[in-house]
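I am attaching a structure below and will ask some questions about it afterwards.
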Amino acid sequence: MTLPEDPSRREHLRALVAVGGTSALGACLDLGADGDGAGDPNAVSVPSGTDPDALPERQHAWNEALPTDEHGNVRPPEHHVLVALSLADGVDVPPSGDARETLEAALRTLERAYERSNEGLLFTLGYTPGYFDRFDEPLPDDLSLPEPGPLFPGGDPAVDAHDAVLHLASDEAAVVLEAEEALFGDRETVNGVPLEADATAVFDPLAERRRTGFVGAGLPAEHTDVPGVPDSIPAEAPFFMGFRSGFRRSQATEDRVTIESGPFAGGTTQQISTTALQLEAWFEQDNHFQRVSKLFSREHAAADLVGEYGEALEASNGLTAERIDSTAADAREHGVVGHAQKAARAREDGEPPLLRRDFNTVDGDRPGIHFLSLQRTIADFARVREAMVDEELDVPTANDGIRHYVFVDRRGNYLLPPRSLRALPPANPDGN
């Protein structure tokens, strides 16, 4: 099912993903593959999956399943849903073998039903510190999963206190809705495959914590009807801040973020920050030169390295070692530093520690970003965040990267176990 380039239809589909539920899925299916209302109102039809045993052990190994642009940058799926989950009443801790088998059977049904790709479905299931606190045994000594806390003065976001989060992603709006409904709603088949187990016997979805969003060139500019989204967003920009992101040479590799040893080897940690954006000030008080200076570096702006929305950048954000090293000098001499410039100071041996898979959102009828990053340890994320909010830089707040325009409302830390442990993992698999 390939969507035509019809902005009104694309906007309708994204709105349906944001609403969720059986009615939204029905309305989405009712549009049909060609947008004329002629589709089967009861069926999703996308490439089917394969034997789950043939899939990678890493839940987060998405890159090979996704398309790339002409510069080798991975193109993320268009539609995203984060389903917050709490253990259902009656699920013991430690969970029984039956509970684990039920959840694993439901997840394996999704894998058989949908191709593991942007045209089918990609998903991960991660667990909070609160989930692991339920166990008598702690996590392994070499695996730290702290509760998120303030990372700079005045920052005090709410904390994800539920047990787990399921991240669903696809280019097809109907797929993320159907998968969610099959697991936690009123749906007995997924892409024509009968659902083998009832995931609601294990998890309760928390509707008030459900989060949704989108990524794609031109999509943010289609939301100028949302309060706080100005008309001046570049028409081709894939993110609300107006520029491309996700350059392959400026991202950690999947190998770099993977836990290398211990019982959770093959997994990773995930951080999710829900942020609000002050776009009107960003676009209407600042000019393009200022925006480029604050997002990348002043040299990017002075040398016109970026273009209108980042199209002049290819496989890298252009942060050379020299531009990174000039951060403090730029603050002193020009009174401005770039967000990417500051964050790049947290690289190790020139390699970025974070793999970003964030996406735009208009949850709550306001523009924002669900900033989702993968990293080997949460300490890697904290180090990058501390570099971004460096209080030692001599620069006015309004020119200190994008701190003046981005506000973190909620944050959560998660462990994404390898697939073999994704169904209600024990805190210490070697000890249980």
Side-chain angles (χ1 to χ4, degrees), residues 52-65 82-87 91-97 99-104 106-108 110-111 116 122-148 159-167 202-203 252-272 348 351 353-357 372-384 411-432:
D53 290 336
L55 297 177
E57 174 69 346
R58 301 176 183 180
Q59 289 195 71
H60 60 285
W62 288 16
N63 285 358
E64 288 190 2
L82 297 171
V83 186
L85 302 168
S86 179
L87 287 180
V91 176
D92 297 326
V93 176
S96 67
R100 287 178 170 138
E101 289 173 7
T102 295
L103 179 58
E104 181 63 16
L107 298 175
R108 287 169 74 89
L110 295 185
E111 291 168 334
R116 194 171 183 274
L122 293 161
F123 69 91
T124 61
L125 180 59
Y127 295 84
T128 64
Y131 167 82
F132 290 107
D133 286 345
R134 293 175 177 267
F135 293 83
D136 291 334
E137 288 193 342
L139 287 163
D141 291 340
D142 59 352
L143 199 162
S144 176
L145 188 70
E147 291 282 359
V159 171
D160 285 350
H162 40 264
D163 289 300
V165 68
L166 178 69
H167 181 192
V202 179
F203 279 128
T253 64
E254 289 176 339
D255 285 344
R256 172 63 180 81
V257 304
T258 298
I259 297 169
E260 295 181 298
S261 61
F264 290 106
T268 189
T269 68
Q270 174 179 267
Q271 179 282 145
I272 303 173
E348 293 183 330
E351 296 296 323
L354 305 187
L355 174 55
R356 290 177 50 180
R357 287 181 173 157
L372 190 156
S373 66
L374 304 178
Q375 52 280 310
R376 185 170 294 157
T377 69
I378 294 298
D380 289 329
F381 169 76
R383 191 175 70 256
V384 174
R411 177 170 288 132
N413 293 339
Y414 297 84
L415 173 66
L416 299 188
R419 285 180 62 254
S420 58
L421 290 170
R422 65 185 172 180
L424 303 177
N428 192 335
D430 285 347
N432 287 327

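Basis for what follows: all heavy atoms, side chains included, without hydrogens, waters or symmetry-related copies. When a residue number appears, it is its place in the shown sequence, counting from 1. Note that this is a predicted model, so its numbers are computed, not measured.
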**Message:** Pair L87, V93 - check side chain to side chain contact (heavy atoms under 4.5 Å, CB included), show working.
**Reply:** CA-CA 10 Å; L87 287 180; V93 176; 4.0 Å; yes
**Message:** Is any side-chain heavy atom of L143 closer than 4.5 Å to one of I259?
**Reply:**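 Yes; the side chains approach each other to less than 4.5 Å.
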**Request:** To the nearest 0.5 angstrom, please state how far the CG atom of L145 sits from the CG atom of N413.
**Result:** 6.0 Å
**Request:** Flag the pair R256 and D380 as a salt bridge only when some basic side-chain nitrogen lies within less than 4.0 angstrom of an acidic carboxylate oxygen.
**Result:** yes
**Item:** Lys/Arg N to Asp/Glu carboxylate O, D92 vs R134, below 4.0 Å
**Value:**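 No, D92 and R134 are not salt-bridged.
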**Request:** Could you give me the CA-CA distance, side-chain angles and deciding distance for V159 and E147, then say whether side chain to side chain contact (heavy atoms under 4.5 Å, CB included) is met?
**Result:** CA-CA 8 Å; V159 171; E147 291 282 359; 3.4 Å; yes
**Request:** Identify the two heavy atoms, one from F264 and one from A427, that lie closest to each other, and give their separation to 0.1 Å.
**Result:**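 Scanning both residues, the minimum pair turns out to be CE1-O, 3.6 Å.
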**Request:** In plain terms, say whether E57 and R422 are close enough for a salt bridge, that is, a side-chain N and a carboxylate O under 4.0 Å apart.
**Result:** no
**Request:** Provide the closest heavy-atom pair for A99 versus V202 in the form atom of the first, atom of the second, distance.
**Result:**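 Taking every non-hydrogen atom into account, O-CG2, 3.6 Å.
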**Complete:** Closest heavy-atom pair, S144 versus I378, reported as atoms and distance to 0.1 Å, is O-CG1, 4.3 Å
**Prompt:** Which heavy atom in G266 sits nearest to a heavy atom in T258, and how many Å separate them?
**Reply:**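 So the two residues come closest at CA-CG2, 3.7 Å.
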**Asked** What distance separates R357 CZ from L374 CG, expressed to the nearest 0.5 Å?
**Response** 5.5 Å
**Prompt:** When the ring planes of Y131 and F135 are compared, do they come out parallel, tilted or perpendicular, using 30° and 60° as the limits?
**Reply:** perpendicular
**Prompt:** Do the non-hydrogen side-chain atoms of Q59 and P418 ever get within less than 4.5 Å of each other?
**Reply:**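 No, too far: nothing below the 4.5 Å cut-off.
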**CZ-CG distance between F132 and L139, expressed to the nearest 0.5 angstrom** =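 So the gap between those two atoms works out to 5.5 Å.
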**Request:** Could you walk me through whether H167 and Y414 pass side chain to side chain contact (heavy atoms under 4.5 Å, CB included), step by step?
**Result:** CA-CA 12 Å; H167 181 192; Y414 297 84; over 6 Å; no
**Prompt:** Is any side-chain heavy atom of P417 less than 4.5 Å from a side-chain heavy atom of P425?
**Reply:** yes
**Heavy-atom side-chain contact between R116 and P56 under 4.5 Å** =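 Yes, close enough: below the 4.5 Å cut-off.
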**Asked** Quick one: does P129's side chain get under 4.5 Å of P146's, heavy atoms only?
**Response** no
**Request:** For N63 and E254, work out which heavy atoms get closest and say how close.
**Result:**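 Shortest heavy-atom contact: N-OE2, 2.9 Å.
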**Message:** Can you tell me how far apart CG (D53) and OG (S420) are? Round to the nearest 0.5 Å.
**Reply:**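 D53 atom CG to S420 atom OG measures 11.0 Å (nearest 0.5 Å).
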**Request:** Provide the closest heavy-atom pair for G126 versus L416 in the form atom of the first, atom of the second, distance.
**Result:** CA-CD2, 3.3 Å
**Request:** Would you indicate whether the side-chain heavy atoms of P263 and N428 approach each other to under 4.5 Å?
**Result:**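 Touching, per the 4.5 Å side-chain cut-off.
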**Request:** Output, in order, the C-alpha distance, side-chain angles, deciding distance and verdict of salt bridge (charged side-chain N to carboxylate O under 4.0 Å, His left out) for R376 and D255.
**Result:** CA-CA 9 Å; R376 185 170 294 157; D255 285 344; over 6 Å; no
**Item:** Main-chain N/O of Q375 paired to T269 side chain as donor or acceptor, under 3.5 Å
**Value:**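 Answer holds: yes.
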**Request:** Output the distance between atom CG (L107) and atom CG (L166), rounded to the nearest 0.5 Å.
**Result:**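 The distance works out to 7.5 Å.
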**Request:** Answer yes when R419 and E111 have at least one side-chain N-carboxylate O distance shorter than 4.0 Å, and no when they do not.
**Result:** yes
**T124/Q270 under side chain to side chain contact (heavy atoms under 4.5 Å, CB included): CA gap, chis, key distance, verdict** = CA-CA 10 Å; T124 61; Q270 174 179 267; 4.0 Å; yes
**Request:** Mind checking the CG-CG spacing from L125 to L85? Nearest 0.5 Å is all I need.
**Result:**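 Answer rounded to 0.5 Å: 7.0 Å.
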